[in-house]
Amino acid sequence: MVTGLTIRPFIENDYEALRNYCLPIEQAIYTSLPLKVIEDFRKDKYNLPMVIYLDEDLIGCFALYTDKAGNQYTSNENAILLKSFSLDLRHQKKGLAFKTLKVLPDMIKLSHPDKDEIILTVHHSNIPAINLYKKAGFIDKGYRFNGEEGEEFIFHLALD
């Protein structure tokens with residue numbers, strides 16, 4: 001594990017740090033702002049809003065979707081869906097997104113031992129994210145999804 005890097009479920013005390021979250025508009029077209037992630041995902045018991053901290057600084061946010069019946073991207077009922085992954089602009093280009101993705105499988109195996117795969121979607125034009133996910137071990141098996149903003153690639157990562 002990366003020293004000082006913590007991934008944990010969102011708690012009410014995280015709101016203040018999320019108010020100061022910085023995501024450039026060119027990235028916001030690919031993901032939801034963390035406050036919207038928290039607001040939207042807390043309405044569904046299968047959505048687990050998560051936060052990423054580096055020491056005392058909230059640096060990222062995402063959600064895990066756990067409903068076996070609701071994952072439209074795979075027929076694998078033991079898959080968990082990674083949604084709306086983002087890092088605060090002030091913490092980008094430091095390798096922290098990659099490090100987070102590398103520790104995420106172990107965290108999911110501990111908290112969701114019934115899961116055997118992580119699924120995510122990425123917009124076909126989001127080349128930096130595509131490269132990041134591939135570098136972190138996610139595989140593009142050629143499956144596609146027609147999302148609201150165009151074609152999405154579906155990436156897979158087996159949990160061994």
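This chain uses plain numbering: 1 for the first residue, then up along the sequence.
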Is N76 reaching over with its side chain to a backbone N or O of N78, donor-acceptor style, under 3.5 angstrom? yes
Where do G137 and L157 come nearest, in terms of heavy atoms and distance? O-CD1, 3.2 Å
Short side-chain to backbone donor-acceptor contact, K115 and S111, under 3.5 Å: no
Do you know the tightest heavy-atom contact between A79 and I119? CB-CG1, 3.8 Å
Identify the heavy atoms of V122 and A129 that sit nearest to each other, and give their distance. CG2-CB, 3.7 Å
When you measure from the side chain of K109 to the backbone N and O of D160, does any donor-acceptor pair fall under 3.5 Å? yes
Rounded at 0.5 Å granularity, tell me how far NE2 in H156 sits from CZ in F138. 10.5 Å
Checking N126 against F153 for the side chain to side chain contact (heavy atoms under 4.5 Å, CB included) test, could you report, in this order, the C-alpha distance in whole Å, the side-chain angles of both residues, the deciding distance, and whether it holds? CA-CA 10 Å; N126 191 349; F153 296 171; over 6 Å; no
Can you list the steps and then say if N131 with I127 is a side chain to side chain contact (heavy atoms under 4.5 Å, CB included)? CA-CA 6 Å; N131 291 337; I127 303 303; 3.5 Å; yes
Reference residue V103; test side chain to side chain contact (heavy atoms under 4.5 Å, CB included); the match among T6, I108, I52, I7: I7
Below 6.0 angstrom between ring centroids: does that apply to Y73 and Y143? no
Mind checking whether F62 and F85 have parallel, tilted or perpendicular rings, split at 30° and 60°? tilted
Of the non-hydrogen atoms in V51 and P9, which two are nearest, and what is the gap between them? CG2-O, 4.2 Å
Shortest non-hydrogen contact between Y21 and D88, atoms and distance: OH-N, 3.1 Å
Using only atom types and a distance under 3.5 Å, with no angle test, would you say the side chain of N20 pairs donor to acceptor with the backbone of A17? no
Note: K94 and K99 closest approach over all heavy atoms is O-NZ, 4.4 Å
Apply the test side chain to side chain contact (heavy atoms under 4.5 Å, CB included) to residues R8 and D14: give CA-CA distance (whole Å), side-chain angles for both, the deciding distance (0.1 Å), then the verdict. CA-CA 11 Å; R8 63 166 174 74; D14 296 321; 2.7 Å; yes
Verify the distance criterion only: is there a donor paired with an acceptor across the side chains of Y133 and D140 at less than 3.5 Å? no
Verify, without hydrogens or angle tests, whether E152 (side chain) and N146 (backbone) share a donor-acceptor contact under 3.5 angstrom. no
State the NE2-CE distance between H112 and M107, to the nearest 0.5 angstrom. 7.5 Å
Linking I/L/V/M/F/W/Y whenever any side-chain heavy atoms sit under 4.5 Å apart, do I139 and L101 land together? no
Does K135, at its NZ atom, have more than 12 non-hydrogen atoms belonging to other residues, nucleotides or ligands within less than 6.0 Å? no
Do side-chain atoms of D57 reach the backbone of I59 as a donor and acceptor pair under 3.5 angstrom? no
Taking the side chain as every heavy atom from C-beta outward, state whether F155 and I130 have any pair of such atoms under 4.5 Å apart. yes
Any donor-acceptor N/O pair, Y46 side chain to L64 backbone, under 3.5 Å: no
Just do the side chain to side chain contact (heavy atoms under 4.5 Å, CB included) check on K141 and T74 with the steps written out, would you? CA-CA 11 Å; K141 296 181 179 180; T74 182; over 6 Å; no
If Ile, Leu, Val, Met, Phe, Trp and Tyr residues are connected whenever their side-chain heavy atoms lie under 4.5 Å apart, and connections chain through other members, are F145 and L81 in the same group? yes
Supply the atom-to-atom distance L48 CG to K83 NZ, rounded to the nearest 0.5 angstrom. 10.5 Å
To the nearest 0.5 Å, how far apart are CD in Q92 and CG in L87? 6.0 Å
State the CE-CG distance between M50 and L104, to the nearest 0.5 angstrom. 8.0 Å
Can you establish whether the number of heavy atoms outside E12 located under 6.0 Å from its atom CD is more than 12? yes
